[in-house]
Amino acid sequence: MISIQPSIFPPRTLDELIEDIARLSQEVKDLYLLDQIPWVIGYSGGKDSTATLQLIWNAISQIPKEGRIKPIYVISTDTQVENPIVSQWVRKSLETMKVSAKNQGMPIEPHLLFPDVKDRFFVCLIGKGYPAPRNQFRWCTERLKINPANRFIRNIVRLNGETILVLGTRKAESSQRARTMEKHQLKRVRERLSPNASLTNSLVYTPIEDWRNDEVWVYLMQYQNPWGIDNNDLLSMYRGASADNDCPLVVDTSTPSCGSSRFGCWVCTMVSKDKSMEAMIQNDHEKEWLQPLLDIRNALDIQDDREKRDFRRLHGRVELFERNVNGEISVEPIPGPYTKYWREHWLRRVLQAQETIRQTAPDDMKDIILITTEELSEIRRIWVEEKYEFDDSVPRIYKEVTGKTFVDPRPGADDHSILGPDEWATLADICGEDAMHLELMSKLLGTERKYYTKARRSGILGDLEKCFETSSRSKEEAIQHAHYKWDIKEAIEKEDMAKLKETLVRAQAIPPSNDWANLKFGSSEEN
């Protein structure tokens, strides 16, 4: 059995909860009628946002139709890597919401938002090579969730001057959440409205901030959903995502709830395990088709992925950091993006999972898309135009996995004119085992190709020089050079002249970096 959730709030009777619902309903109506500021409600499809929207909807419906003139925008962000079960639930809910709002004369407009293609998870991970998100490099949340919502809210503010953002956040979710909400509560400029820390002219309203989990479920189970979905289906979804598949029938505030389940992106490595998806697969054999997603997520979430990543940062330079290894301080390179091999590997894994799921999923999930055509096109562009990998492997991998020809929607994407897979194979054969030589040559040729059709070629020499700065040394030589600069800086900061002299002597053994002038005219020694 699931233990009763510890709460920072004293338990309330059912009558007290009903009184609070009535009070909040009146509060919602008063706030709505107070001014002409439009509302934006954040909706994830989960229990808290559903309860918040239901509370708002029921309250506004009590206002005569002629008074319901202020728009209420309901926004939900599809990161494109949401748990497919939850994503389908949200989409159907928004579609139902749109029809019901029109039929009931409600001023509610649902909007499904998406991150820009350049910011999507697989474009960043597979295209640019960003490593799976970690606490030290949490690159996903802002790109996938925050930016699309903020862009919509800023547009509403631009058109109306300000807005009120309604959220289902609750203090009982965690002690950290409670502290944050209480801190914002001290800065309230109006009753129940807090300033938004990241968006100007946007106030935040959190009507169920003092509710406990069990109270949320009581409200959802005892009050009919006004836009036509069945909250029992929502309860079933949470039950399926609970480890012991046990969610009791919620009839009053003394009943423990199953509200500890949390849904999120199926690729999320910010948590130790995707417990909700694991539970779905364990509890329902009809959801075993989700296993390929869980396998990819677990493959991404490994403690040390250094062997899969470049020894240089994304900009091509070696940067060092101090690392504790068995109690000793070790100065090592900061791992960079995934290498070409591993980026291609992850692309194959995702496409293979997509093909497998389309064969094993239920009929309503047969057309599932894990990675869109637009994302594949952007990944292809990054590999060819930014990383100069002109073997153009995206169409080849797509064909190998799906058996279909990749049709790129980007104009001119298939016109590589000068370079292509054959030239890459020839160059790789010439370079042999020297991976850095292959990389340098591909960058030089790619840079020349970039300037090929330009009327003015100013800047080409600088770009060619950058190729040498990042790719002319072997891995060992590049790391050795980075350590040399590290030691020089450390010796200067500590005013250690002995170490400085020692480092300068040692530096004479480091081979100099090639440059564009040496390649074209030969080194001074040769002359």
Side-chain angles (χ1 to χ4, degrees), residues 43-47 49-50 74 76-100 103 110-114 120-122 220 225 227-243 245 247 258 261-268 274-299 347-376 397-407 409:
Y43 176 74
S44 68
K47 66 184 189 306
S49 63
T50 299
V74 177
S76 183
T77 302
D78 185 350
T79 65
Q80 301 284 278
V81 283
E82 299 293 328
N83 180 310
I85 304 297
V86 179
S87 179
Q88 183 189 54
W89 167 264
V90 171
R91 285 175 178 269
K92 288 184 177 179
S93 297
L94 292 176
E95 291 170 1
T96 304
M97 203 180 296
K98 184 176 182 179
V99 174
S100 298
N103 292 339
H111 293 265
L112 187 60
L113 311 178
F114 301 93
R120 292 185 187 173
F121 186 86
F122 289 126
L220 291 174
N225 184 286
W227 59 89
I229 66 168
D230 189 343
N231 287 339
N232 284 291
D233 293 338
L234 179 63
L235 179 64
S236 297
M237 188 164 65
Y238 271 86
R239 178 184 290 118
S242 300
N245 196 24
C247 286
C258 66
S261 301
R262 301 189 71 87
F263 302 110
C265 302
W266 63 265
V267 290
C268 184
D274 188 342
K275 295 181 180 179
S276 62
M277 184 172 287
E278 285 182 352
M280 284 183 175
I281 296 171
Q282 174 185 334
N283 296 334
D284 187 349
H285 70 89
E286 293 184 356
K287 291 188 174 65
E288 290 177 355
W289 58 270
L290 291 169
Q291 187 65 48
L293 304 187
L294 189 61
D295 291 341
I296 291 176
R297 183 255 166 227
N298 291 339
L347 177 58
R348 284 193 181 89
R349 286 289 299 269
V350 173
L351 288 172
Q352 287 167 353
Q354 182 171 276
E355 292 299 300
T356 300
I357 289 175
R358 288 179 175 178
Q359 297 171 11
T360 58
D363 291 341
D364 58 346
M365 288 288 188
K366 290 290 187 184
D367 296 327
I368 192 170
I369 298 175
L370 300 182
I371 184 167
T372 67
T373 301
E374 290 74 21
E375 291 169 40
L376 289 168
I397 294 172
Y398 187 85
K399 178 75 171 180
E400 290 172 356
V401 176
T402 69
K404 302 174 184 176
T405 300
F406 177 63
V407 180

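Taking both residues in full, the closest heavy atoms of G45 and V90 are given as CA-CG2, 3.9 Å, listed atom of the first, atom of the second, then distance. Of all the heavy atoms in R91 and D78, the pair that sits closest is NH2-OD2, 2.9 Å. Of all non-hydrogen atoms in C265 and D274, the two that sit nearest each other are O-OD2, 4.3 Å.
Each of I296, T79, L290 was evaluated against W266; a single residue qualifies, I296, per the side chain to side chain contact (heavy atoms under 4.5 Å, CB included) test. The residue from V350, L293, V81 that alone fulfils the side chain to side chain contact (heavy atoms under 4.5 Å, CB included) condition with V267 is V81.
Taken from CD in E375 to CZ in R120, the straight-line distance is 5.0 Å, to the nearest 0.5 Å. The line from CG of L294 to CD of E288 is 12.0 Å long, rounded to the nearest 0.5 Å.
Between R358 and I369 the shortest side-chain heavy-atom distance falls below 4.5 Å. Here the side chains of E400 and L351 are not in contact, with every heavy-atom distance at 4.5 Å or above. Considering only heavy atoms from C-beta on, M280 comes within 4.5 Å of M237 through its side chain. Between R297 and M277, every side-chain heavy-atom pair lies at or beyond the 4.5 Å cut-off. Residues F114 and T372 have side chains not in contact (no heavy-atom distance under 4.5 Å, counting atoms from C-beta outward). Considering only heavy atoms from C-beta on, T360 stays 4.5 Å or farther from P292 through its side chain. Between F406 and T373, some side-chain heavy-atom pair lies under the 4.5 Å cut-off.
Under the side chain to side chain donor-acceptor pair (under 3.5 Å) criterion, D233 pairs with no residue at all, not counting sequence neighbours. Remark: T50 pairs with Y43, L220, N225, W227, N231, L234 by the side chain to side chain contact (heavy atoms under 4.5 Å, CB included) rule, at least two apart or across chains.
Under a 4.0 Å N-O distance rule, the pair R349/D295 does not qualify as a salt bridge.
A donor-acceptor contact shorter than 3.5 Å links the side chain of S49 to the backbone of S44. Of the possible polar contacts, one joining the Q354 side chain to the I371 backbone as a donor-acceptor pair under 3.5 Å is found.
Atom CG of N103 has more than 12 neighbouring heavy atoms from other residues, nucleotides or ligands inside a 6.0 Å radius.
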